Amino acid sequence: MAIVGRWLKITTRPLLEALGCHDVHHYGIRTFCDYLTDDARKYDPTYYADLERLELAATALPPYTHTARLFQLTARKAPPA
């Protein structure tokens, strides 16, 4: 249990950086689309294009990174020396 408690105190970014990763980014995915109840509108090409632009514009902006249905963490690992 002590090990679990210790890991819970470490946030993701410092952990990834400690593993040699850099350029750590957090993105929200499906921020608006999943909350829209009118599925028929999503099949309208013009509406969908606008929705897609909105999703892409908000993907890396707080608070949308935290309210999205899914999230993605990306990082780069330096090549071995």
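The shown structure was predicted, so the numbers you read here are calculated from the model rather than taken from an experiment. These values consider heavy atoms only, across backbone and side chains, with no hydrogens, waters or symmetry-generated copies.
The distance from the OH atom of Tyr64 to the OG1 atom of Thr59 is 12.5 Å, given to the nearest 0.5 Å. Taking CG of Asp50 as the start and CG of Asp44 as the end, the distance is 9.0 Å to the nearest 0.5 Å. Interatomic distance, CG of Leu36 versus OH of Tyr47, reported as 4.5 Å (0.5 Å rounding). Atom NE2 of residue His25 and atom CZ of residue Arg76 lie 8.0 Å apart, to the nearest 0.5 angstrom.
Within 6.0 Å of the OH atom in Tyr35, the count of heavy atoms belonging to other residues, nucleotides or ligands exceeds 12. More than 12 heavy atoms of other shown residues, nucleotides or ligands fall within 6.0 angstrom of atom CZ in Phe32. Other residues, nucleotides and ligands place no more than 12 heavy atoms under 6.0 Å from the OH atom of Tyr48.
Under the salt bridge (Lys or Arg N to Asp or Glu O under 4.0 Å) criterion, no residue pair touches residues 56-67, with sequence neighbours excluded.
In this structure, Tyr27 and Thr74 have side chains that are in contact, with non-hydrogen atoms separated by less than 4.5 Å. With contacts defined as side-chain heavy-atom distances shorter than 4.5 Å, the pair Leu54/Thr31 does not qualify.
The pair Asp39-Lys42 counts as a salt bridge, with a side-chain nitrogen and a carboxylate oxygen less than 4.0 angstrom apart.
Gly28 approaches Ala68 most closely through the heavy-atom pair CA-CB, 3.5 Å. Residue Thr65 comes nearest to His26 through the heavy atom pair O-NE2, 3.3 Å, listed as atom of the first residue, atom of the second, then distance.
Judged purely by atom type and a 3.5 angstrom limit, Lys77 has no side-chain atom pairing as donor or acceptor with the backbone of Leu16.
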